[in-house]
Amino acid sequence: MSERMKQKKLSTRHLLGIRDITREDIELIFSQADEFKEVLSRPIKKVPSLRDITVANLFFENSTRTRLSFELAEKRLSADVVNFSASTSSVKKGETLVDTVNNILAMKVDMVVMRHPAPGAALFLADHIGAAIINAGDGTHEHPTQALLDAYSIRERLGAVKGKKVVIVGDILHSRVALSNIHCLRKLGAEVMVCGPKALIPKHIKSLGAEVSHNLEEALRWADVANMLRIQLERQGAGVPYFPSLREYTMQFGLDASLLNRLGKDLLIMHPGPINRGVEITSEVADGPHSIILDQVENGVAVRMAAIYLLAQHLNRQA
Ligand code: NCD
């Protein structure tokens with residue numbers, strides 16, 4: 001056991017991105033998540049650990065599963081929870097991010113979970129306010145808890161992440177899930193490949209330690225795990241399209257049962273959701289025996305509990 005595991009402390013006060021945390025931090029979150037998974041299997045799925053803290057969930061961008069998962073994680077830890085979503089708030093009246101957040105903090109909030117369309121929004125917040133910040137997705141930048149729950153789910157199914165081959169398929173250019181996953185998997189010693197149309201693979205990606213493929217079948221033959229991402233049409237904007245049509249995308253990069261059967265091996269299939277059924281993955285594959293998509297959702301609660309619990313150890317609790 002490493003020194004940090006013994007100390008049970010993260011090296012950071014905030015969870016802004018996987019790039020900023022260490023392998024030891026990730027392993028500490030995983031071992032804490034193991035304990036919380038056990039709690040979640042009990043009839044009473046709740047611990048009193050964070051009875052004295054208040055968490056604000058600030059969602060400036062649409063979200064279903066991430067918002068619910070965080071809220072459930074906070075409630076399972078007995079934290080007080082306030083929810084805020086941009087569509088019903090004064091943000092629509094022109095209030096700045098810092099003003100909005102300062103108002104919420106004046107209500108004595110200890111931790112902020114924030115999703116925001118601007119890359120760097122979580123870092124900006126961490127620089128301006130005293131609460132612990134968890135980034136729940138900042139534009140096309142990072143989505144650290146998604147990467148943690150993805151790697152945790154691989155570890156659970158395959159026994160380890162180190163040495164495993166993971167291909168991330170789809171819109172890598174616009175995906176915070178892809179970037180956080182690459183950082184997380186590389187830190188844990190996995191081999192990573194990204195696969196998609198040339199226009200959707202950022203040029204610098206090899207410098208992060210990921211291989212590149214434009215041929216799905218070849219990439220899947222190489223892989224132990226395939227993480228299928230959604231095409232982020234809402235981020236692609238107007239102008240020159242990134243590929244001719246969704247139908248063409250599906251023909252080249254969609255995963256269906258006939259391709260999976262042709263591979264004839266135990267490939268693990270993942271998806272962060274929301275799924276565009278019939279585009280990047282067919283229903284048959286998404287709901288089939290290779291898929292661990294619902295395990296990811298389940299593990300999300302335990303992993304988020306772990307991250308919140310460990311970050312709370314750094315807080316100066318108020319009397
Ligand atoms: C992802 C996101 O919002 O970044 N979803 C999620 O958090 N479960 C991926 C996506 O939107 O495609």
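Order of appearance sets the numbers: ligands from 1, and atoms from 1 within every ligand.
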request  = For ligand 1, would you mind listing the residues that have at least one heavy atom less than 4.0 Å away, ordered by chain and number?
outcome  = Arg65, Thr66, Arg115, His143, Gln146, Arg176, Val177, Arg230, Gln232, Pro272, Gly273, Pro274

N/O donor to acceptor pairs below 3.5 angstrom from side-chain atoms of residues 123-137, sequence neighbours left out:
{"from": "His128", "atom 1": "ND1", "to": "Phe124", "atom 2": "O", "distance (Å)": "2.8"}
{"from": "Asn135", "atom 1": "OD1", "to": "Gly137", "atom 2": "N", "distance (Å)": "2.8"}
{"from": "Asn135", "atom 1": "OD1", "to": "Asp138", "atom 2": "N", "distance (Å)": "3.3"}
{"from": "Asn135", "atom 1": "ND2", "to": "Leu16", "atom 2": "O", "distance (Å)": "2.9"}
{"from": "Asn135", "atom 1": "ND2", "to": "Asp138", "atom 2": "OD1", "distance (Å)": "2.9"}
{"from": "Asn135", "atom 1": "ND2", "to": "Glu142", "atom 2": "O", "distance (Å)": "3.4"}

inquiry  = Side chains of Leu148 and Leu15, heavy atoms from C-beta outward: is any pair under 4.5 Å?
reply    = yes

inquiry  = Suppose the criterion is side-chain hydrogen bond (donor to acceptor under 3.5 Å, both in side chains): which pairs have a residue in residues 295-308, not counting sequence neighbours?
reply    = Lys37-Asn299, Ser69-Arg304, Thr145-Arg304, Asp150-Gln296, Ser153-Asn299, Glu156-Asn299, Arg157-Asp295

query = Is the centre of the Phe243 ring less than 6.0 Å from the centre of the Phe253 ring?
reply = no

remark   = In short, ring-ring contact (aromatic ring centres under 6.0 Å, His included) pairs touching residues 139-191 with sequence neighbours left out are Phe30-Tyr152, His174-Tyr242

key: Salt-bridge criterion met for Arg230 and Glu280 (N-O under 4.0 Å)   = no

